[in-house]
Amino acid sequence: MNHIMRDRNIDHRTLAAVIVTVLLWASAFVAIRSAAQHFAPGALALGRLTAGSVTLLVILLARREGWPPRAAWPGILASGILWFGLYMVVLNWGEQEVDAGTAAMVVNVGPILIALLGGWLLKEGLPPRLMAGMAVSFAGAVVVGVSMSGGGRSSVLGVLLCLVAAVAYAGGVVSQKPALRHASALQVTTFGCLIGALGCLPFAGQFVSQVQDAPLPAVLNVVYLGIFPTALAFTTWAYALARTTAGNMGATTYVVPALVVLMAWAFLGEVPGPLTFVGGLLCLVGVAISRRRRT
């Protein structure tokens, strides 16, 4: 993260937003792993997005930020459908079909797609240092994935679902960036989350049925996912995204696999092997390369 601080385009507030985002998104994997034992993919996404939407609406009303400008709505709609809606459902589903390692490898195509789409659609360019850093980080994600797979076999459906999740993630981020030129991070996140929750309403009956049977810790995990990794972390993400490029922000998320390894070790008792540590270190090195400013 010290290399992020040296980027001339990122101040300390933006750095803090990046740190909060990656820490909370990493914690989401631990919470999802527990909650997914009691909730189907669509029901889990709906519960998470509902809790996030309620939290965000309360904050939005308290800050009196109001309705986003018309110019922001195309990006808000696209990010709400792709990232808040489709991504969360298919990722939850995909992780039920493949092992965690395979899911990590496939979903981590997302930041590469973000850099490519950002360079093409948003005219951000493709800096060699960014691409080199992403290559190193992706290699680290692959190493982490292989080390976590335990030799398990993955279904074609699961791999395809994780690939769809990666594409939805990239499309959502690239759609969100233009919206942030016209609306605040809180507005973009709040209404994107609401759109995602509305898209998940077909799972309402399933959620009501499963929440009645789920133990309290699983329900609290859903609430946690909605308030912190969704409401808070997506807002801090949008705040930082408005102040740097989509490609750079996508590269920063490669810190998440390394943090997930440490959190799973601390909270789930899953002791990582040497190969997992090597992969996590490569992820961090790649992010440092991609965010380091030219000397």
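As a basis for the values below, the full set of heavy atoms in this structure was taken, side chains included, without hydrogen atoms, waters or symmetry mates.
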Rounding to 0.5 Å, atoms CG (L225) and CZ (F39) come to a distance of 10.5 Å
Do V188 and P68 have side chains that get closer than 4.5 Å, going by heavy atoms? no
Shortest non-hydrogen contact between V222 and A35, atoms and distance: CG2-CB, 4.2 Å
Given 3.5 Å as the limit, does a donor-acceptor pair link the side chain of S209 with the main chain of G205, or not? no
With heavy-atom distances below 4.5 Å as the criterion, would you say the side chains of I76 and Q176 are in contact? no
Over 12 non-hydrogen atoms of neighbours within 6.0 angstrom of CH2 in W93: no
Joint cluster assignment, V211 & M88, ILVMFWY side-chain distance < 4.5 Å: no
Honestly curious: do V54 and L57 fall in one hydrophobic cluster under the side-chain, below-4.5 Å linking rule? no
Same cluster or not: W83 versus F203, using hydrophobic residues (I, L, V, M, F, W, Y) connected whenever any side-chain heavy atoms lie under 4.5 Å apart? no
Do M249 and V173 have side chains that get closer than 4.5 Å, going by heavy atoms? no
I want to check something: taking the side chain as every heavy atom from C-beta on, are I81 and L86 in contact at a cut-off of under 4.5 Å? no
V18 to A240 - nearest heavy-atom pair and separation: CG2-CB, 3.8 Å
Using modelled atom types and a 3.5 Å cut-off, is there a donor and acceptor pairing between side-chain atoms of S175 and backbone atoms of S79? no
Output for pair (R13 CZ, R243 CZ), nearest 0.5 Å, gives 9.0 Å
Would you please classify the geometry between the Y87 ring and the Y169 ring as parallel, tilted or perpendicular, with 30° and 60° separating the classes? tilted
Pairwise side-chain contact, R48 with P229, heavy-atom cut-off 4.5 Å (strictly under): yes
Are side-chain heavy atoms of L194 and F84 found at a separation under 4.5 Å? no
Supply the atom-to-atom distance F234 CZ to T21 OG1, rounded to the nearest 0.5 angstrom. 9.5 Å
Taking T189 as the fixed residue, which of I59, T236, T230, L56 is the one that meets the side-chain contact (heavy atoms from CB on, under 4.5 Å) rule? L56
F191 versus G66, closest heavy-atom pair with distance: CE1-O, 3.9 Å
Here the gap from W237 atom CH2 to L180 atom CG, rounded to the nearest 0.5 Å, amounts to 10.5 Å
Heavy-atom pair of closest approach, residues G226 and A51: CA-CB, 3.9 Å
Taking the side chain as every heavy atom from C-beta outward, state whether T190 and S53 have any atom pair closer than 4.5 Å. no
For L232, what are the other residues in its hydrophobic cluster, where any two members join if their side-chain heavy atoms are less than 4.5 angstrom apart? V20, L24, V223, Y224, I227, F228
What's the spacing between Q206 CD and L46 CG if we round to 0.5 Å? 9.5 Å
Run the side chain to side chain contact (heavy atoms under 4.5 Å, CB included) test on L44 and Q210 for me, step by step, so that the C-alpha distance in whole Å, both residues' side-chain angles and the decisive distance to 0.1 Å come before the verdict. CA-CA 9 Å; L44 177 56; Q210 292 177 350; over 6 Å; no
Side-chain heavy-atom pair D213, H38 within 4.5 angstrom cut-off: no
Which atom of I114 lies closest to which atom of A170, heavy atoms considered: CG1-CA, 3.5 Å
Is it the case that one hydrophobic cluster holds both L49 and L198, taking links as side-chain heavy atoms less than 4.5 Å apart, direct or via other members? no
Nearest-0.5 Å distance that lies between atom CD1 in I32 and atom CG in L91: 6.0 Å
K177 side chain to G172 backbone, donor-acceptor under 3.5 Å: no
Would a hydrophobic clustering, with Ile, Leu, Val, Met, Phe, Trp and Tyr connected at side-chain separations under 4.5 Å, put L163 with V89? no
Closest contact, heavy atoms only, A26 versus L259: CB-CB, 3.6 Å
